[in-house]
K.L.:
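Before we start, here is the structure in question, set down as structure tokens.
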Amino acid sequence: LSAEVAAETSNLSDPEAFRLNWLGRKQGRLKLISDAWLKSAPPEARKPLGIRFNQLKQQIEAALDAPAQAAPAKTVQQGIDITLPGTVRAPGIPHPLLKTMYEIETVFHHLGFSTSTGPQVESDFYNFEALNFPPNHPARDTQDTLVIARQQSRPSRDRLLMRTHTSPVQIRSMIASPPPLRIVIPGKVHRNDAADATHSPIFHQVEGLCVDTNITFSDLKGTLDHAMKALFGASVKTRFFPSFFPFTEPSADVQISCPFCGGSGCRKCKHSGWIELLGCGMVDPAVFASVDEQRKAQGFEPAYDPARISGFAFGMGVERIAMIQHGISDIGQFYSGDMRFLEQFA
Ligand code: PHE
């Protein structure tokens, strides 16, 4: 019988007929053999008969379990075994940097801010001039700029560059809409910085801008204090230090109490208990002036009279915040594409 099975399976054109013939529940040959022989065999013959019966059954089942072998002409095409299960691909997840960026945006959405975006290739006017960095002003040196080649023939304000911060979108948004304005601006920015553990020539910022009547420095403090607590935990404290940005006056740098040690001092905060996290300030009247000048040039009513309107702005680095959130010490990990790193954030 074993030889018979082997002969049939060597060229199995109809596996279902083969299965019914041997394994059929009522009329299958194994059933008949079992009824006619096994059950009536004398006790001493039962064991060897049973073993051979099971071998035969396994031979038949194995032939049925190997369909590619059993019916080569039907299932194997051009060397691809189409009967194999497909490769399972893991669904994608947001990159840890984007996750942090969305998280920051969401904190401000809950405060009534909406999202604006702008181009990464920007003109000198939006990136610098309208933000009160005059041509050749030394404040430009604080943002090492990657410029687009062959722009010398253009007027200085039209020359193209890679935006060094998300602040130009403040200008674009104010030209496009009168106050009140409450926006967050997430995006990529570019600087001619050498890459090291904490710097990358391309990184991400989230900018904020709030303009209305009666906006004060306490609104700025309260908003940022709330945002830092939402991002790092309710026990985090903030403090503000005088600083300088050409487009805000007064300007401040914001520190948060170290989320690693709670402010008692550790290596992460260089034993100071505080970590510097962002820049901010009250919108400089010179910025409102260039916005209104541009609104007039584009046929809009001027709407940013500094006697009536005030605002605050802030900007933060997404990488820096994500590194603190997750205790990451090398910024390069974000851009490495290393699955072992990325899968930790799934
Ligand atoms: N644009 C500034 C920077 O990149 C940050 C900033 C934004 C400061 C808004 C004040 C207000 O350094």
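As the structure lists them, so they are numbered: ligands from 1, and atoms in each ligand from 1. Position 1 is the first residue of the sequence; numbering continues from there. Note that this is a predicted model, so its numbers are computed, not measured.
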K.L.:
Tabulated below should be the N or O atoms of ligand 1 paired with protein N or O atoms at under 3.5 Å; can you produce that?
P.N.:
unit_1   : atom_1 : unit_2 : atom_2 : d
ligand 1 : 1 (N)  : H165   : ND1    : 3.0
ligand 1 : 1 (N)  : S167   : OG     : 3.0
ligand 1 : 4 (O)  : R191   : NH2    : 3.0
ligand 1 : 4 (O)  : Q205   : NE2    : 3.0

K.L.:
Does the side chain of E319 reach to within under 4.5 Å of the side chain of S200, using non-hydrogen atoms?
P.N.:
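No, their side chains stay 4.5 Å or more apart.
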
K.L.:
Would T115 and H109 satisfy side chain to side chain donor-acceptor pair (under 3.5 Å), going step by step from the backbone distance to the final call?
P.N.:
CA-CA 8 Å; T115 292; H109 289 170; 2.7 Å; yes

K.L.:
Who passes side chain to side chain donor-acceptor pair (under 3.5 Å) against Q151, sequence neighbours left out?
P.N.:
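Q151 satisfies side chain to side chain donor-acceptor pair (under 3.5 Å) with R154 once adjacent residues are dropped.
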
K.L.:
Decide, yes or no, whether a salt bridge links D292 with K296 under the criterion of side-chain N to carboxylate O below 4.0 Å.
P.N.:
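Here D292 does not pair with K296 in a salt bridge, since their nearest N and O are not under 4.0 Å apart.
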
K.L.:
Answer yes or no: is there a side-chain heavy-atom contact under 4.5 Å between L97 and Y335?
P.N.:
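Result yes, sub-4.5 Å side-chain heavy-atom pair found.
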
K.L.:
Would the number of heavy atoms belonging to other residues, nucleotides or ligands and lying under 6.0 Å from CZ of R52 be above 12?
P.N.:
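For R52, atom CZ is not crowded (no more than 12 foreign heavy atoms under 6.0 Å).
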
